[in-house]
Trainee: 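First the structure, which I've put down as structure tokens, then a few questions once you've had a look.
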Amino acid sequence: MKIAISSDHGGNNLRKEIMDLLDELQIQYEDFGPKTTDSVDYPDYAKPVAEAVATGKADRGILICGTGIGMSIAANKVKGIRCALVHDVFSAKATRCHNDSNIIALGERVIGPGLAREIVKTWLNTDFEGGRHTRRVEKIIELEG
């Protein structure tokens with residue numbers, strides 16, 4: 001599995017924490033930055049992660065900003081992306097099981113690093129259930145046009 005990961009300035013610290021987790025889990029990832037703590041525009045960092053996932057260059061993506069809201073909105077503008085804003089373990093599992101999410105967005109100002117690590121581990125280790133959920137995901141894909 002290969003992960004694409006990025007943040008804005010409001011998610012830098014949590015992004016580094018999650019990259020440490022990915023290293024511990026021996027999961028390959030590509031860091032799309034930013035390389036600085038200067039203020040940046042989150043859509044500029046959501047786009048390359050979403051495009052990497054949509055084109056298959058990455059299997060899944062992780063986006064982090066202050067709340068996760070802006071990143072999730074921006075990522076979901078890219079065709080083929082199902083990005084879920086997740087701040088609890090139950091939702092992390094549900095969005096994989098039921099929605100086949102391929103990107104999660106986290107908020108550094110909303111959750112701490114310990115919970116973020118549990119969310120990411122759960123999300124990475126949960127499979128899509130298929131079945132009746134496949135029909136629903138297909139309907140989401142149809143909305144993209």
Trainee: If you define the side chain from C-beta out and look only at heavy atoms, does anything of Tyr45 sit under 4.5 Å from Met71?
Mentor: yes
Trainee: Inspect the surroundings of NZ in Lys139 and state if more than 12 heavy atoms from other residues, nucleotides or ligands are less than 6.0 Å away.
Mentor: no
Trainee: Between Ser101 and Asn99, does any side-chain donor sit less than 3.5 Å from a side-chain acceptor?
Mentor: no
Trainee: Walk me through it: do Val137 and Thr134 pass the test side chain to side chain contact (heavy atoms under 4.5 Å, CB included)?
Mentor: CA-CA 5 Å; Val137 170; Thr134 300; 5.9 Å; no
Trainee: Please tell me whether Ile27 and Leu14 are part of a single hydrophobic cluster in this structure, the criterion being side-chain heavy atoms less than 4.5 Å apart.
Mentor: yes
Trainee: Is there a side-chain contact between Asp100 and Arg82 (heavy atoms, below 4.5 Å)?
Mentor: yes
Trainee: Decide if atom NZ of Lys2 counts as having more than 12 heavy atoms of other residues, nucleotides or ligands within a radius under 6.0 Å.
Mentor: yes
Trainee: From Ile64 CD1 over to Asn13 CG, what is the distance, rounded to the nearest 0.5 angstrom?
Mentor: 10.0 Å
Trainee: I need the Lys121 NZ to Ile18 CD1 distance, nearest 0.5 Å.
Mentor: 10.0 Å
Trainee: Are Ile69 and Val40 linked, directly or through other ILVMFWY residues, by side chains that come within less than 4.5 angstrom of each other?
Mentor: no
Trainee: Report whether Ile140 and Val86 are members of the same hydrophobic cluster (ILVMFWY, side-chain heavy atoms less than 4.5 Å apart, transitive linking).
Mentor: no
Trainee: Same cluster or not: are Ile81 and Ile141 linked, directly or through other Ile, Leu, Val, Met, Phe, Trp or Tyr residues, by side-chain heavy atoms under 4.5 angstrom apart?
Mentor: no
Trainee: Say you draw a straight line from CG of Leu21 to CD of Glu118; how long is it, rounded to the nearest 0.5 Å?
Mentor: 8.5 Å
Trainee: Going by an N to O cut-off under 4.0 Å, is there a salt bridge joining Arg117 and Glu24?
Mentor: yes
Trainee: To the nearest 0.5 angstrom, please state how far the CG atom of Leu85 sits from the OG atom of Ser72.
Mentor: 5.0 Å
Trainee: Shortest non-hydrogen contact from Ala46 to Ala75?
Mentor: CB-N, 4.2 Å
Trainee: Is Trp123 close to Val89 at the side-chain level, that is, under 4.5 Å between some pair of heavy atoms?
Mentor: no
Trainee: Report the C-alpha separation of Leu124 and Ile3 in whole Å, then their side-chain angles, then the decisive distance to 0.1 Å, and conclude whether the side chain to side chain contact (heavy atoms under 4.5 Å, CB included) test is met.
Mentor: CA-CA 10 Å; Leu124 291 172; Ile3 303 296; 3.6 Å; yes
Trainee: Given Thr67 and Glu108, is the side chain to side chain contact (heavy atoms under 4.5 Å, CB included) satisfied, shown in steps?
Mentor: CA-CA 6 Å; Thr67 62; Glu108 180 175 319; over 6 Å; no
Trainee: Tell me the closest heavy-atom pair linking Ile62 and Val49, and the distance in Å.
Mentor: N-CG1, 4.3 Å
Trainee: Within the side chain of Asp88, is there an N or O that forms a donor-acceptor pair under 3.5 Å with the backbone of Ser91?
Mentor: yes
Trainee: To the nearest 0.5 angstrom, please state how far the CG atom of Asp38 sits from the OG1 atom of Thr36.
Mentor: 3.0 Å
Trainee: Same cluster for Leu63 and Val53 if Ile/Leu/Val/Met/Phe/Trp/Tyr side chains link at under 4.5 Å?
Mentor: yes
Trainee: Quick one: OG1 on Thr37 to CG on Asp8, what's the gap to the nearest 0.5 Å?
Mentor: 12.0 Å
Trainee: Would you say that more than 12 heavy atoms from the other residues, nucleotides or ligands in this model lie under 6.0 Å from the OH of Tyr42, or not?
Mentor: no
Trainee: Taking all non-hydrogen atoms of both residues, which atom of Asn102 and which atom of Gly80 are closest, and how far apart?
Mentor: ND2-O, 2.9 Å
Trainee: Where is the tightest heavy-atom contact between Ile119 and His87, given as atom of each residue plus distance?
Mentor: CD1-C, 3.5 Å
Trainee: Is a side-chain N or O of Arg60 found less than 3.5 angstrom from the main chain of Ile103, in a donor-acceptor match?
Mentor: no
Trainee: Can you tell whether the side chains of Asp20 and Lys16 come within less than 4.0 Å, N to carboxylate O?
Mentor: no
Trainee: Distance only, no hydrogens: is a donor on one side chain within 3.5 Å (strictly under) of an acceptor on the other, for Arg15 and Ser7?
Mentor: yes
Trainee: Set out, in order, the CA-CA distance, both residues' side-chain angles and the distance that settles side chain to side chain contact (heavy atoms under 4.5 Å, CB included) for Asp127 and Cys97, then state yes or no.
Mentor: CA-CA 6 Å; Asp127 293 324; Cys97 287; over 6 Å; no
Trainee: May I ask you to test the Asn12-Pro34 pair for a side-chain heavy-atom distance under 4.5 Å?
Mentor: yes
